[in-house]
2 protein chains.
Amino acid sequence: MENHAVIDFAFAHSHCQQCSLFPYCQPTVKRCGETEKFHEIKTQNLKIERGEHLFRENSPFNAIYSIRSGSFKTYTNSEFGKEQILGFYFSGTLLGLNALSTMQHIESALALETCSVCKISLEQLEKLKSSIPAVQPALLRILSEEIQYNHQQLLMISKKSAEARLAKFLLTLSNHFRKRGFSATEFNLSMTRNDIAGLLGLAVETVSRIFTHFQEAGLLTVNRRNIVLLDIDGLMKSSSEHTAQPLDNYIVQKKVAS
Amino acid sequence: MENHAVIDFAFAHSHCQQCSLFPYCQPTVKRCGETEKFHEIKTQNLKIERGEHLFRENSPFNAIYSIRSGSFKTYTNSEFGKEQILGFYFSGTLLGLNALSTMQHIESALALETCSVCKISLEQLEKLKSSIPAVQPALLRILSEEIQYNHQQLLMISKKSAEARLAKFLLTLSNHFRKRGFSATEFNLSMTRNDIAGLLGLAVETVSRIFTHFQEAGLLTVNRRNIVLLDIDGLMKSSSEHTAQPLDNYIVQKKVAS
DNA sequence: CGAAGCGTTGAGTGCTTTCAATAGTTGTGG
DNA sequence: CCACAACTATTGAAAGCACTCAACGCTTCG
């Protein structure tokens, strides 16, 4: 899964190797010997400071962005005063792609820390698609993965207890860091308690309280943004607890298709 | 928006006119004079009885389905015993498309009543894509719309009160029916209270109670599956009520991009 | 050093859930 | 065709989880 880093793709921009489009377009580029086409794609390297927006909800769709370093939160502001965090994103992730349907962004993206992003304008994306056939399916794939992620979020928020949600959140983060070669047990959060609460559909105080519960239970150590996971198994157990609700209805198949 | 029904597309399969792919592929087909290619696409008409599955979570991705009549619910079964309803779908909707990423279905689709669906196998879809260029962007568009829908669901479940959720649900249904030429104020639900509860992240009893609340408040009349909306404005007002939570943090932009 | 934002903790409330009981509805088999 | 079983829907009472309100340290930054 991380083997791109090992192989030397001399033809590619060095920073491309962590782009989420790279694993899809790279083999095709190589096979077709069209490496020169790859270099025709002009991307723009941007530095985004903490608190800055990469794009905002309802703004026109000009480009997609691949995160090279740092982290973002995406959110929507529905009816006045409400902010739903949709997700936190780290390096290698593509942001803004889901604006394809309306050609307007359906979410806002805000930097949680100083970030470096690769901006791929719409026209460059078009060029990329036409020169590299594998890109289009990759886009479909990425969108489809996002849907899957949303389903999981939905399920978590509507069926799991507050403790289970936070436990799950921490484990997901832990996995992220582990996959990227960082410590899976000790890390610093780039988001506030408020953001976490917004993602998990909880109140800030609840998040805070559960952190201390977990600490008292010996599952982790928490000091502001610094987290040390002490008992991964315990967290996994906690994350699978739910607020009950049997619901074994309907699953029986009644007839065979005609 | 409904003008396809007026124009006579003699070249198209008659039932195609309500397919969600039709508005995208049809103009291109016509412009290119490639109507004969359209007929090369072999689709299969299926009848699905109530309680039958169109496909199940984790089953291999063989085809997508366009609903011609009837209604479906989609759901996932995460950890044992849990069922999260993802949505209810009516005629004109495309089901199964989001299996594209994993080539396995990420949700189950179950008929709520006797349904007629148009099955488009994967290979036929490929043929369609290659002969009609507008289809591929249409697929992206549909996926992107589903993401937007999921965001709304997420926001609703994590931020709105139980009453607001049910009100919103009824209004959405009402809109659906209105757009399809049915009564926007009187209709029969094809789903159970359990299903509604599953969609909205509530307990069955809560759904039932709120129905009677609404009836007592004069907003609607309810008798089992039969619903008559009496006060749309009242419902809209109810649907925008939330459980509070100000959250005006973070929105300030701190610097300008470098 | 003061202001503003972030995080924690406590007390009390309440919305929603759970448990439980009852009826209406549907479908199947004797 | 009736009766029983299974499912669906409603209603009541009680409990609990998470929220709101409020106050207070801690940290950051101008």
Side-chain angles (χ1 to χ4, degrees), chain A residues 49-51 73 81-82 112-113 156-166 188-198 200-216 221-227 238 241-252 254-255, chain B residues 49-51 73 81-82 110 112-114 156-166 188-198 200-216 221-227 238 241-252 254-255:
Chain A
E49 297 292 338
R50 183 167 91 86
K73 71 170 181 182
K82 296 288 177 176
L112 297 172
E113 53 195 320
M156 189 170 75
I157 287 186
S158 80
K159 299 274 192 289
K160 281 176 185 268
S161 71
E163 293 210 350
R165 290 183 226 176
L166 188 58
N188 289 307
L189 302 174
S190 58
M191 67 292 290
T192 68
R193 299 284 191 270
N194 230 318
D195 290 334
I196 299 173
L200 302 179
L202 298 171
V204 202
E205 298 93 329
T206 305
V207 173
S208 192
R209 262 184 266 272
I210 294 173
F211 264 123
T212 56
H213 285 172
F214 281 167
Q215 185 163 232
E216 286 165 0
T221 290
V222 53
N223 190 313
R224 292 256 155 181
R225 305 288 182 91
N226 182 266
I227 308 286
S238 174
E241 282 167 7
H242 20 275
T243 44
Q245 264 176 309
L247 284 189
D248 347 45
N249 59 326
Y250 242 135
I251 317 279
V252 189
K254 299 190 179 176
K255 286 180 188 173
Chain B
E49 297 292 338
R50 183 167 90 86
K73 70 171 182 181
K82 295 287 180 175
L110 188 142
L112 297 172
E113 54 195 319
T114 302
M156 188 170 76
I157 287 187
S158 80
K159 299 273 191 289
K160 281 176 185 270
S161 72
E163 293 210 349
R165 290 183 226 175
L166 187 60
N188 289 306
L189 301 174
S190 57
M191 67 292 290
T192 67
R193 298 284 190 272
N194 230 318
D195 291 333
I196 298 174
L200 303 179
L202 297 171
V204 201
E205 298 94 327
T206 306
V207 173
S208 192
R209 261 184 266 273
I210 295 174
F211 265 124
T212 57
H213 286 172
F214 281 166
Q215 185 163 232
E216 286 166 359
T221 291
V222 53
N223 190 313
R224 290 260 156 181
R225 305 287 182 93
N226 183 266
I227 307 287
S238 174
E241 281 167 9
H242 20 275
T243 45
Q245 261 176 315
L247 282 189
D248 349 47
N249 59 327
Y250 241 137
I251 317 277
V252 189
K254 299 191 178 175
K255 288 180 186 172

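Below, read A as the first sequence line, B as the second, and so on, with proteins coming before strands; counting in each chain starts at 1.
Taken from CD1 in A:Ile196 to OG in A:Ser208, the straight-line distance is 10.0 Å, to the nearest 0.5 Å.
Residues A:Arg224 and B:Asn223 each lie close to DNA chain D; by heavy-atom proximity, the contact nearer the 5' end of the strand is made by B:Asn223.
Taking the C1' atoms of five terminal pairs at each end of the helix from C:dC1-D:dG30 to C:dG30-D:dC1, the two resulting helix axes are inclined by 40°, rounded to 10°.
Counting only distance, with no hydrogens or angles, the side chain of A:Arg193 and the backbone of A:Ala203 share no donor-acceptor pair below 3.5 Å.
Taking each heavy atom of A:Leu200 and A:Met156 in turn, the nearest pair found is CD2-CE, 3.4 Å. When all heavy atoms of A:Ile157 and B:Ile157 are compared, the pair lying nearest together is CG2-CG2, 3.8 Å. Here the closest heavy-atom approach between residue A:Leu189 and residue A:Phe211 is recorded as CD1-CZ, 4.2 Å. What you find for B:Glu241 and B:Ala164 is that their closest heavy atoms are O-CB, 3.1 Å. Minimum heavy-atom separation, B:Gly198 to A:Lys159: O-NZ, 3.8 Å. Across all non-hydrogen atoms, the minimal contact from A:Ser190 to A:Leu112 is O-CB, 3.5 Å.
Closest approach to the A:Ala162 side chain among D:dA18, C:dT17, D:dT8 is made by D:dA18 (side chain taken as heavy atoms from C-beta onward).
Atom-to-atom, CZ of A:Phe211 to C1' of C:dC6 comes out at 13 Å; the value is rounded to the nearest Å. In this structure, B:Glu241 places its CD atom 19 Å from P of D:dC19, rounding to the nearest Å. One atom, CD of A:Glu49, and another, C1' of D:dC29, lie 15 Å apart when rounded to the nearest Å. D:dC7 atom P lies 17 Å from atom CG of B:Leu112, rounded to whole Å. Atom-to-atom, CZ of A:Arg225 to P of C:dG5 comes out at 14 Å; the value is rounded to the nearest Å. Going from atom CD of A:Gln215 over to atom P of C:dG7 covers 15 Å, rounded to whole Å. The nearest whole Å value for the distance from the CD atom in A:Glu216 to the P atom in C:dT8 is 12 Å. Taking atom CD of B:Glu163 as the reference point, atom P of C:dG14 lies 16 Å away to the nearest angstrom.
In this structure, A:Arg193 reaches the sugar-phosphate backbone alone: every heavy-atom distance under 4.0 Å involves primed, P, OP1 or OP2 atoms, never a base.
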Review item, nucleotides 9-11 of chain C N/O atoms under 3.5 Å of protein N/O:
residue, atom, partner, partner atom, Å
C:dG10, N7, A:Arg209, NH1, 2.9
C:dG10, O6, A:Arg209, NH2, 3.3

